[in-house]
Protein chains: 2
Amino acid sequence: MSQPSRKSARKQRHRLVPGPEHAAVFAALGDQTRLVLLSQLMDGEHVSIAGLTEGSGLTRQAITKHLRVLEKSRIVRCTRRGREQLYSLNPKPLMELREYLDLVSRQWDGALMRLKSLVEER
Amino acid sequence: MSQPSRKSARKQRHRLVPGPEHAAVFAALGDQTRLVLLSQLMDGEHVSIAGLTEGSGLTRQAITKHLRVLEKSRIVRCTRRGREQLYSLNPKPLMELREYLDLVSRQWDGALMRLKSLVEER
DNA sequence: TTAACATGCAACCAAAAGGTTGCTTATGGA
DNA sequence: TCCATAAGCAACCTTTTGGTTGCATGTTAA
C-alpha cells in the first residue's frame with residue numbers, strides 16, 4: 001500500500017533537519033583562535049577584550065571581530081562595565097549542539113548496524 | 001605557599017586544549033549544505049556523488065567540493081565502485097567532537113556555579 | 001582637567017570559500 | 001563497438017573571512 005518508490009525513500013524517512021542555526025554555531029566554532037577564546041572564557045568568568053587579547057599575538061581588533069562572531073551565534077555574551085566590555089559564556093547554544101550530535105549518534109547506531117561490513121575502522 | 005599571581009592564574013588551570021583538528025571538524029560542519037549532505041548519508045548508507053547532487057539545486061562539482069571538505073576532516077569516506085564513487089559516514093570524528101563538547105559542559109558545570117548571579121538566561 | 005586606558009569605527013588587503021562553466025577521461029550496457 | 005553516465009580537472013568569478021592600520025570616543029584615576 002502506497003510504498004514509496006525506492007529511489008525517493010532515502011529522502012523521506014525521519015531525516016533530522018540540521019537547520020542553518022546549527023551550521024552557524026558550528027561555523028563559529030570552526031576557528032582555532034575562537035576555540036582558544038572560549039577556553040579562556042571557560043575559566044575566566046568575565047573577561048575584557050584587552051584581557052582576551054593579551055596572549056593571543058593578534059591585534060585587539062582581530063579579537064574583537066572574533067568575539068562578535070561568537071556573539072552573533074549566542075555562544076558568548078557581553079556586558080559593559082565602565083569603560084570595559086566584559087565577555088562571558090552562554091551555555092545554551094553549545095548544549096543544543098551537543099544534543100544535535102547526540103541525535104546524529106543515535107541515528108548512526110542504527111546505520112552502523114546496517115553498514116558493518118565496510119566499516120573496518122579508518 | 002607559592003600562590004600564583006591572580007593575573008596569570010586564569011591561564012594556568014587545567015585548560016582544555018582545543019587543538020586545530022577540533023576547529024577543522026567544526027569548520028567542516030559549519031555549512032548548511034554539508035550538514036544536509038550528512039543527513040542524506042545518515043540514512044542512505046553508500047551514496048554516489050550524482051545521488052547526493054540530485055535534490056540539492058547545486059552543481060555536481062559544488063557537491064564534490066563539499067564532499068572533499070568533509071573527507072579531509074575524516075567525517076566522510078569514499079570507495080569507488082565501478083564508475084561511481086560511493087560516500088559513507090565515519091563516526092569517529094563526530095564522536096570525538098561530542099566528547100569535546102562534553103568536556104566543555106563539564107567545565108561549565110563548575111563555571112556556572114561561580115557565575116549564577118549574572119546568568120539569568122538569554 | 002588631563003593623560004592613560006578600553007573600545008569603537010572605517011578603510012583596506014590578501015587569501016580562502018563557495019559556485020559556475022567547459023572539457024577530458026573512464027566505465028558499463030545495449 | 002558506441003553512446004550515455006559518473007566523475008575529475010582547471011580556470012574563473014564573487015563574497016566572506018581573518019587580519020591590519022589609523023583615528024575618534026568615552027572613562028578613570030591622579
Side-chain angles (χ1 to χ4, degrees), chain A residues 6-7 10 18 20-41 44-73 75-88, chain B residues 7 10 18-41 44-73 75-88:
Chain A
R6 193 68 195 85
K7 180 161 192 173
R10 192 196 328 126
E21 335 83 39
H22 284 133
V25 180
F26 275 126
L29 297 175
D31 179 285
Q32 175 70 11
T33 304
R34 286 194 290 267
L35 285 188
V36 172
L37 284 179
L38 284 194
S39 76
Q40 284 184 252
L41 285 178
E45 358 245 290
H46 295 159
V47 193
S48 72
I49 297 183
L52 290 168
T53 302
E54 202 152 342
S56 67
L58 296 183
T59 328
R60 174 179 55 84
Q61 285 83 345
I63 298 296
T64 301
K65 282 194 184 181
H66 281 297
L67 287 171
R68 292 227 221 276
V69 172
L70 291 171
E71 207 176 355
K72 210 168 73 181
S73 34
I75 300 173
V76 124
R77 269 172 309 201
C78 91
T79 58
R80 151 162 252 117
R81 187 187 60 186
R83 61 179 161 187
E84 53 197 349
Q85 203 86 35
L86 298 184
Y87 280 84
S88 61
Chain B
K7 179 162 191 172
R10 191 194 333 124
E21 334 83 42
H22 284 133
V25 180
F26 276 126
L29 297 176
D31 180 285
Q32 174 71 9
T33 304
R34 285 193 292 265
L35 286 187
V36 171
L37 284 179
L38 284 193
S39 76
Q40 284 184 253
L41 286 177
E45 1 243 288
H46 295 160
V47 194
S48 71
I49 298 183
L52 290 167
T53 302
E54 201 151 343
S56 66
L58 296 183
T59 328
R60 174 179 55 84
Q61 285 84 343
I63 298 296
T64 300
K65 283 193 183 180
H66 281 298
L67 286 171
R68 292 226 222 277
V69 172
L70 292 171
E71 207 176 355
K72 210 168 73 180
S73 35
I75 300 174
V76 123
R77 269 174 307 202
C78 91
T79 58
R80 154 160 250 118
R81 186 186 62 185
R83 61 180 161 184
E84 55 197 347
Q85 202 88 34
L86 298 184
Y87 280 84
S88 61

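Each chain gets a letter, A, B and so on, in the order the sequences are listed, and its residues count up from 1. From a predicted model like this one, the values you see are computed outputs, not experimental measurements.
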Practice prompt. Find the distance Leu67(A):CG to dG8(C):C1' and express it as a whole number of Å.
Written response: 13 Å
Worksheet item: What closest approach, in Å, do Ser73(B) and Ala28(B) show between heavy atoms, and which atom pair accounts for it?
Response: OG-CB, 3.2 Å
Worksheet, complete the sentence: Separation of dT27(D) atom C1' from Leu86(A) atom CG, nearest Å, is 14 Å
Worksheet item: Can you check whether Ala62(B)'s main-chain N or O pairs, donor with acceptor, with Thr59(B)'s side chain at less than 3.5 Å?
Response: no
Worksheet item: Taking atom P of dT25(C) as reference, at what distance in whole Å does atom CD of Gln85(B) sit?
Response: 18 Å
Discussion item. Under the criterion side-chain contact (heavy atoms from CB on, under 4.5 Å), I'd like the reasoning laid out for Leu35(B) against His22(A): C-alpha separation, chi angles, the key distance, then a yes or no.
Written reply: CA-CA 9 Å; Leu35(B) 286 187; His22(A) 284 133; 4.0 Å; yes
Response to the item:
Readout for nucleotides 16-22 of chain C: B = base within 4.0 Å of protein heavy atom, S = sugar-phosphate only, - = neither; 5' to 3' it is --SBBBB
Worksheet item: So does Arg83(B) reach the base of dT5(D) with its side chain, donor to acceptor, closer than 3.5 Å?
Response: yes
Worksheet item: What are the two closest heavy atoms between Cys78(A) and Gln85(A), and how far apart are they?
Response: SG-NE2, 3.2 Å
Practice prompt. Would you mind reading off the distance between Arg80(B) atom CZ and dG28(C) atom P, rounded to a whole angstrom?
Written response: 9 Å
Worksheet item: Given atom CD1 of Ile63(A) and atom C1' of dG8(C), what is their separation to the nearest angstrom?
Response: 16 Å
Worksheet item: Starting at CD of Glu54(B) and ending at P of dA7(D), how long is that distance when rounded to a whole Å?
Response: 12 Å
Discussion item. Check the phosphate of dC9(C) against Arg68(A), side-chain N and O only, distance under 4.0 Å to OP1 or OP2. Yes or no?
Written reply: yes
Worksheet item: Within this structure, what is the CG-to-P distance between Leu37(A) and dG18(D), rounded to whole angstrom?
Response: 12 Å
Discussion item. Name the residue from Leu29(A), Val69(A), Ile63(A) that meets the side-chain contact (heavy atoms from CB on, under 4.5 Å) definition with Arg34(A).
Written reply: Val69(A)
Worksheet item: Quick one: are Thr64(B) and Arg68(B) in side-chain contact, heavy atoms under 4.5 Å?
Response: yes
Worksheet item: Whole Å only: how far is the CZ atom of Arg81(B) from the C1' atom of dT5(D)?
Response: 14 Å
